[in-house]
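The next block holds one structure in the form of C-alpha cells; read it before the comments.
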Amino acid sequence: SGEGIFGIVDGYPADAPGVPRDLLAAIEAKCASWRWRLTERADRLARIHGDFHPFNVIVGPRGELRWLDASRGCAGDPADDLTAMAVNFVFFALASPGSWQHGFAPLWHAFFREYLETTGDQEVLAVAPPYFAWRALVVANPAWYPAVAPELRERLLGFVVETLDR
C-alpha cells in the first residue's frame with residue numbers, strides 16, 4: 001500500500017532531484033539489516049498514534065495538547081511516534097541553516113529528555129534508526145513534499161544513512 005520503508009522508496013520518481021537512486025538502494029539495504037535486530041523486540045509493541053507530527057498536534061484553549069488524525073493508530077513500537085515528531089526538528093533545521101544550535105537542538109534535546117524521563121524507555125534509542133529512516137524518507141519524498149529543495153532532500157537522506165550506521 002506504499003507504507004513502510006520499501007513502499008515509500010517505491011514512491012520516489014526515478015529522476016527525483018537530490019535523490020540518487022544508489023543512495024535509496026543503500027538506505028534500503030541498511031534498513032533490511034535492521035529487520036533482524038528488531039524481530040526480537042515484539043515486547044515493545046504498544047498503542048501508537050501512527051502519524052504523530054507537529055501538524056497533528058494542537059493546543060487547546062487551556063494549553064492542553066490534543067492529537068488529530070489518529071486513524072493510523074495501531075500496535076507498533078513507540079519509536080515510530082517518537083521519530084515521526086523528532087524528524088521535524090532535523091527537517092526544519094536543515095531548511096533554515098544556522099537554526100540548529102540555538103533553535104532546534106535545544107528542542108530536540110528537551111523532547112528526548114522528557115520522553116526518556118517520563119517513560120523510562122531507554123531501549124527506544126537502540127531501535128529508533130529505521131524509524132528515523134522511514135520518517136525522513138517520507139518528508140524527503142517529492143511526491144508528498146514537492147517544494148523541498150534538492151539539496152535539503154540529499155542532506156536529509158544523509159542524516160538517514162548516518163543514523164542507520166550508528
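Sequential numbering from 1 along the given sequence is applied to the chain's residues.
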For residues 12-27, which side-chain N or O atoms pair as donor and acceptor with protein atoms under 3.5 Å away, sequence neighbours left out?
residue : atom : partner : partner atom : Å
Tyr12   : OH   : Leu137  : O            : 2.6
Tyr12   : OH   : Asn141  : N            : 3.3

message = So, using salt bridge (charged side-chain N to carboxylate O under 4.0 Å, His left out) as the criterion, who are the partners of Glu154 when residues are at least two apart?
response = none

task = State which residues pass salt bridge (charged side-chain N to carboxylate O under 4.0 Å, His left out) with Asp10; sequence neighbours excluded, sorted by chain then number.
result = none

inquiry  = Just verifying a value: how many Å separate Gln122 CD and Leu116 CG, rounded to the nearest 0.5 Å?
reply    = 5.0 Å

message = According to salt bridge (charged side-chain N to carboxylate O under 4.0 Å, His left out), does anything in residues 107-120 pair up with another residue at least two apart or in another chain? List the pairs.
response = none

note = Sorted by chain and number, sequence neighbours left out, ring pair (Phe, Tyr, Trp, His ring centres under 6.0 Å) with Phe111 holds for Phe89

message = List the residues meeting salt bridge (charged side-chain N to carboxylate O under 4.0 Å, His left out) with Arg35, not counting sequence neighbours, and say none if there are none.
response = none

ask   = Quick one: side chain to side chain donor-acceptor pair (under 3.5 Å) pairs with a partner in residues 83-109, sequence neighbours left out?
value = none

key: Pairwise ring pair (Phe, Tyr, Trp, His ring centres under 6.0 Å) hits with a residue in residues 13-37, at least two apart   = none

query = Please, which pairs that meet salt bridge (charged side-chain N to carboxylate O under 4.0 Å, His left out) have at least one residue in residues 79-91, sequence neighbours excluded?
reply = Asp80-Arg135

inquiry  = The criterion is ring pair (Phe, Tyr, Trp, His ring centres under 6.0 Å); which residues satisfy it with Phe159, sequence neighbours excluded?
reply    = Phe132

Glu151/Arg155 ion pair, N-O < 4.0 Å = no

inquiry  = I'd like to check the salt bridge (charged side-chain N to carboxylate O under 4.0 Å, His left out) partners of Glu64; sequence neighbours left out, ordered by chain and number.
reply    = Arg62, Arg66

ask   = Among pairs that include at least one residue of residues 37-46, which meet side chain to side chain donor-acceptor pair (under 3.5 Å), considering only residues two or more places apart or in two chains?
value = Arg41-Glu123, Arg44-Asp77, Arg44-Asp121, Arg44-Glu123

message = I want to check something: taking the side chain as every heavy atom from C-beta on, are Tyr115 and Pro78 in contact at a cut-off of under 4.5 Å?
response = yes

